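What follows is a set of notes on a single structure, which appears directly below.
None of these values were measured; they are calculated from a predicted model. Letters A, B, ... are given to chains in the order of the sequence lines, protein chains preceding strands, and every chain is numbered from 1.
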Number of protein chains: 2
Amino acid sequence: MAYTSEYPPFFVTVDGVVLTIRNDALCALVVTRGGEPFRGRLALPGGFVDIDEDLGVAAVRELSEETGISVQGLHVEQLASYGAPDRDPRHRTISIAYLAVLPDLPEPVGGDDASDAHWHRVTWLLARKDRLAFDHRQILRDGVERAHAKLEYTALGTSFCERAFTIAELRRVYEVMWGVELDPGNFHRKVTGVAGFVEPTGRKASRGTGRPAELYRRGPTASLNPPLTRATLG
Amino acid sequence: MAYTSEYPPFFVTVDGVVLTIRNDALCALVVTRGGEPFRGRLALPGGFVDIDEDLGVAAVRELSEETGISVQGLHVEQLASYGAPDRDPRHRTISIAYLAVLPDLPEPVGGDDASDAHWHRVTWLLARKDRLAFDHRQILRDGVERAHAKLEYTALGTSFCERAFTIAELRRVYEVMWGVELDPGNFHRKVTGVAGFVEPTGRKASRGTGRPAELYRRGPTASLNPPLTRATLG
DNA sequence: CCAAAAGTGTTTGATTTACACCCATGG
DNA sequence: CCATGGGTGTAAATCAAACACTTTTGG
């Protein structure tokens, strides 16, 4: 089947910046490209938008097809669009990037399809210019920057945690993202003191040694004003 | 000329949310549509992206063509993309929206081209569902929300002012955007105390009665941490 | 009982808020 | 010389940072 148009054709794709924290490091989900261009290179999961498909739906679908991850109920937001005329050597392609934030999953998220999806440390992916295909290095950078910024004044941090989490686990998210150590007491007070941020489940968690911690879940996500600030360095 | 492709055609447009403050109200720039669909309805300025044109360049060009406004050197940033399959009754169209913030201009910005561009109060434009064509109501809402948010933790407020401005003029921006009265003394101290926010020009301005105010210009735009907060209500 | 982590109390210092008050100009 | 807005001083209230200390578990 072929389409004709009096205007030159644009191609529209979606790409996903999917972040999680594994082994105390910020990691992003990447796939190995099977076809040209950039065959064998790492890339953000993504693909073409169907002609009658909503952008957000396409992003979720591609993530599921390429990596087997279901982001149902998880944090997904539109990040930005990328449309430099030469960003794809084949055609004029506009990519709408989405940002997803997940709790650490039980490793190899091999998908039904092109199942070589892997987590890589963001620092490693960004360390060299040529690790990622297309302009995906820039997209990843923008995604990480967005996540960074939203940590401070939204409850995005809770999206890195499981449904139920301890305050210490949430604190670890901030510590890894900011590369600092936070005072456990002050963090606890701050986070439990902001209305709508977290709410107690009533249950407790025994995480190894020490006193068991109260379990919390995401609250109705109030915006943080004043924002969380970095506290005492270790 | 006709183009053929094995994939269905997408159309790509840019739209601009152009904000300013006039007569103590937040206003947006709109044009009256000359063609179908939505002929005669108000719409955000925008249009089709050329096949070899960068998105940001297209946004600036359309603004200039449709409204005669040059946003050279002014604040322009990508806002978000809109691509619901039915957002344009004619074709599948993806629109990348840009946000621009300007000082109050000497009124009718009539462009070279479809020169019926006008400022309207944002509250009026948003008050009814059908004042704007397409999904431009949602786009405008998103732009206003973005501007609102960025006021608190960036120096975006200075973009509503002329090159040189008094602290009182800057304060007026915040008061109008937030619908509050701010304490002049505290605002002055806060704003001049944050490094990189504003820098003095050395000149003074005589605005009517009262002591002449020092003139400032935008600083190298430090991010505001802690952010500006709303102060005393009037 | 000891180590370790959770969570609370308390002190200190910084920041914000409220508002008094002086400054500089136009009429 | 008075009204008006610009800008600084200052005290009280609020908040954040540092850290001591109590609680509750596993070994």
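Under the 6.0 Å cut-off for aromatic ring centres, B:Phe187 and B:Tyr174 qualify, their centroids lying closer than that.
Across the protein-nucleic acid pair, A:Lys190 atom NZ and C:dG7 atom P stand 18 Å apart, rounded to whole Å. Look at CG on B:Leu182: it is 13 Å from C1' on C:dT16, rounded to the nearest Å. We find that CG of A:Asn186 is positioned 13 Å from P of C:dG9, with the value rounded to whole Å. With rounding to whole Å, B:Asp183 atom CG is found 13 Å from D:dG9 atom C1'. Atom CZ in A:Arg172 sits roughly 11 Å away from atom P in C:dA5 (whole-Å rounding). Atom CD of A:Glu181 and atom P of D:dC19 are 13 Å apart (whole Å).
Residues A:Glu162 and A:Asp104 approach most closely at OE2-O, 3.5 Å, considering heavy atoms.
Near DNA chain D, meaning a heavy atom under 4.0 Å away, the residues from residues 207-218 of chain B are B:Thr209, B:Gly210, B:Arg211, B:Pro212, B:Ala213, B:Glu214. Applying a 4.0 Å cut-off to non-hydrogen atoms, none of the residues of residues 158-169 of chain B approaches DNA chain C.
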Discussion item. Go through it in stages, so that I can follow the logic: the residues are A:Arg33 and A:Phe134, the test is side-chain contact (heavy atoms from CB on, under 4.5 Å), and I'd like the CA-CA distance, side-chain angles, deciding distance and then a yes or no.
Written reply: CA-CA 11 Å; A:Arg33 285 186 59 80; A:Phe134 303 106; 3.4 Å; yes
Worksheet item: Step by step, would you call A:Glu145 with A:Arg141 a salt bridge (Lys or Arg N to Asp or Glu O under 4.0 Å)?
Response: CA-CA 6 Å; A:Glu145 185 186 324; A:Arg141 258 202 303 244; over 6 Å; no
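Remark: the backbone N or O of A:Leu79 is paired with a side-chain donor or acceptor of A:Arg146 at under 3.5 angstrom. Without hydrogens or angle criteria, A:Ser64 side chain to A:Val60 main chain gives no donor-acceptor distance under 3.5 Å.
Contact annotation: B:Arg171 side-chain N/O to D:dG5 OP1/OP2 distance is not under 4.0 Å. Under 4.0 angstrom from either OP1 or OP2 of D:dT8 there lies at least one side-chain N or O belonging to B:His188.
Between the side chains of B:Gln138 and B:His136, not a single donor N or O lies within less than 3.5 Å of an accepting N or O. Counted by atom type alone, B:Tyr82 and B:Asp15 present zero donor-acceptor pairs between their side chains at under 3.5 Å.
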Which atoms of nucleotides 12-14 of chain D (N or O only) lie under 3.5 Å from a protein N or O atom, and what are those distances?
none

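Of all nucleotides listed (D:dA16, C:dT25, D:dC19), C:dT25 comes nearest to the side chain of B:Ser206. Picking from D:dG9, D:dA17, D:dT8 the nucleotide with the shortest atom distance to the side chain of B:Arg189 gives D:dG9.
Aromatic ring orientation, B:His120 versus B:His118: perpendicular (interplanar angle above 60°, classes split at 30° and 60°).
Within the 4.5 Å cutoff, no side-chain heavy atoms of A:His75 are placed close to those of A:Phe160.
Salt-bridge check for A:Glu169 with A:Arg172: failed, with every basic side-chain N at 4.0 Å or more from each acidic carboxylate O.
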